[in-house]
Amino acid sequence: MKFEDLNLHPTLLKAVKDQNYINPTAIQAQAIPLILKDNDVLGTAQTGTGKTAAFALPILHHLINEKTNNKTKIRALVVTPTRELAIQIGENFTDYAKYNNIKNTVIFGGVKQGTQTNALSNGVDVLVATPGRLLDLMGQGFISLNDIGYFVLDEADRMLDMGFINDIKKLLEKLPKNRQSLFFSATMPNSILTLSNTILRNPKKIAVHQVSTTAETIQQSIYYTNKSDKKDLLFHILKNNDINQILVFSRTKHGADRIVRNLQKNNIEAAAIHGDKSQNQRQRALQSFKDYNIRVLVATDIAARGIDIDKLSYVLNYDIPNEPETYVHRIGRCGRAGEKGVSISICEPEENVYAKDIEKLIKQKIAAVQHHPFPQTEKPMNAQQKKESEKEKNRKKQEFFANRNKNRNSGKANPRNNRR
Ligand code: AMP
């Protein structure tokens, strides 16, 4: 299928061509015709599949064809969990609407609201927002949802994980009943299906790539080594000059800062993005990375959600996530839209069990790098050793409680008893 077959407005086809998109992705081929025919849509799709264009293009098509009076009203609302994702969606709307006079703005928390409220008062057609700031500015009277004809709830599963459910419920009460709604989520647990019932009318269901599938274009490998050797192993990996740019994942914010400090000490340009960084710092770091001014960007999972870096080829897991789905999201940052990608993981003995879980989920073995200078010497406990260690822990616990009870009964050892 070609974009020309989708009956999109010619100005949108021109904009898509400027983006060098040749063929629609699977989610676009499925969603665009349904949305153009005014259906509500329930989509299982994750970021990286071309999902944004799948909803942005048909919404823009509708907006172009609608007759409006001169006064700009907010006609489409996209709600998404993170600021980075919101900014990216806003950028995509700007790219796709470049030959039209359809304005969008993006609002999110963690920054002063002045620039956002100025943009709103100048009038926008499309609003992309994170839930908290949206409700806040609605409460202050800067935003009215009365004219919303198109509503997108993006990354719904992550939204629930981040505790946004009550915000979403409040928002739904304010939306006009007569609207087209599009609901996207990487996974579809029952909680998400229940929520979708309160949002959608007779939705058409579409699905691409379950979260358990990793892009075939991503070459995956894993280094097994000791915790204490991880730092040096990272330097060893970075000696490979083919790695012009690499996104490194760290489970914790402190971990991310530590990795950056170590890299900088060794004259490797690096920056971190995580929840403790201000929005400006995060944007600056991301932009320097995109501009190739820094070679390594170290991110935590939440901060990295939705990051879209054109032509990113390398992702490195400095630790192995304990939720296997997180691994799939992480490595999905590279090899996007059919590009080649390389995922490298560093696994310490305690994480071996997580690596096994991942291999189970993705139904493939991750190639272990056999020859590297940092062997794994801290052997993880085998099943028998684990059992014995558990037994020993229980024995000590029982002994502790038995002694405590004995002392209590005899009135000994508890200093409080002696005060009387
Ligand atoms: P998304 O899933 O919306 O975050 O999109 C992931 C990446 O794919 C972005 O860099 C898009 O610009 C790109 N993309 C979206 N649609 C297409 C397409 N039809 N052909 C090539 N790249 C695309």
Side-chain angles (χ1 to χ4, degrees), residues 1-8 12-33 35-36 41 43-61 76 78-98 104 106 126 128 130 152-159 182-187 206-211 213-218 245 247 286-287 289-291 297 299 303-313 315 328-341:
M1 180 185 270
K2 291 203 168 68
F3 271 104
E4 286 72 21
D5 303 328
L6 287 171
N7 293 324
L8 286 164
L12 297 174
L13 290 179
K14 201 165 163 215
V16 160
K17 211 167 180 182
D18 290 351
Q19 294 298 309
N20 296 321
Y21 299 173
I22 296 164
N23 298 314
T25 63
I27 189 89
Q28 291 161 3
Q30 291 181 60
I32 293 174
I35 303 173
L36 288 179
V41 166
T44 312
Q46 57 195 91
T47 300
T49 53
K51 178 173 51 121
T52 315
F55 62 76
L57 290 171
I59 288 178
L60 286 168
H61 177 98
V78 182
V79 178
T80 190
T82 67
R83 319 166 205 196
E84 282 76 13
L85 207 45
I87 290 169
Q88 238 156 242
I89 294 172
E91 284 171 356
N92 286 349
F93 267 98
T94 305
D95 288 339
Y96 304 147
K98 67 194 272 200
N104 78 76
V106 178
V126 179
V128 184
T130 54
V152 181
L153 192 66
D154 189 33
E155 303 250 331
D157 53 348
R158 181 56 46 147
M159 207 93 82
L182 314 170
F183 188 109
F184 291 95
S185 186
T187 52
I206 54 178
V208 294
H209 287 308
Q210 297 300 321
V211 71
T213 48
T214 42
E216 290 100 39
T217 48
I218 301 175
Q245 197 184 42
L247 177 61
L286 188 58
Q287 201 52 51
F289 188 62
K290 285 183 174 180
D291 294 342
L297 185 67
R305 180 80 181 194
I307 284 184
D308 178 21
I309 298 150
D310 261 0
K311 311 245 181 298
L312 177 68
S313 301
V315 164
V328 180
H329 283 302
R330 284 180 176 189
I331 76 166
R333 301 300 106 209
C334 71
R336 311 190 92 197
E339 295 278 334
K340 263 205 169 21

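Ligands are counted one by one from 1 in listed order, and the atoms in each one are counted from 1 as well.
- Gln19 contributes no side-chain N or O that, together with a main-chain N or O of Asp95, makes up a donor-acceptor pair within less than 3.5 Å.
- Atoms of ligand 1 found under 4.0 Å from any heavy atom of Thr52, numbered from 1 in the order shown, are 1 (P), 3 (O), 4 (O).
- Counting heavy atoms from C-beta outward, Leu12 and Phe3 have side chains that stay 4.5 Å or more apart.
- Residue Ile22 has no N or O atom closer than 3.5 Å to an N or O atom of ligand 1.
- For Tyr21, a nitrogen or oxygen atom sits less than 3.5 Å from a nitrogen or oxygen atom of ligand 1, counting backbone and side chain alike.
- Contacts of Asn20 with ligand 1, taken as heavy-atom pairs under 4.0 Å, are absent altogether.
- Put simply, the side chain of Gln245 never gets that close to the backbone of Leu312: no donor and acceptor are under 3.5 Å apart.
- For the residue pair Cys334 and Ile218, the shortest heavy atom distance occurs at O-CD1, 3.5 Å.
- Contact analysis leaves Ile27 out of contact with ligand 1, as no non-hydrogen atom separation drops below 4.0 angstrom.
- Using bins of under 30°, 30° to 60° and over 60° for the plane-to-plane angle, the ring pair Tyr96/Tyr21 lands in the perpendicular bin.
- The shortest N or O to N or O distance between Asn92 and ligand 1 is not under 3.5 Å.
- For NZ of Lys17, the number of neighbouring non-hydrogen atoms (other residues, nucleotides, ligands) closer than 6.0 Å is 12 at most.
- Only the side chain of Gln28 comes within contact range of ligand 1, with a heavy atom under 4.0 Å; no backbone atom does.
- Ligand-side atoms of ligand 1 in range of Phe3: 19 (N), range being under 4.0 angstrom from any heavy atom.
- Taking every heavy atom of Asn23 and a limit of under 4.0 angstrom, the matching atoms of ligand 1 come to 18 (C), 19 (N), 20 (N).
- No donor-acceptor pair under 3.5 Å is formed between the side chain of Thr80 and the backbone N or O of Ala86.
- Listed by number with element, the atoms of ligand 1 under 4.0 angstrom from any heavy atom of Thr25 are 17 (C), 18 (C), 19 (N).
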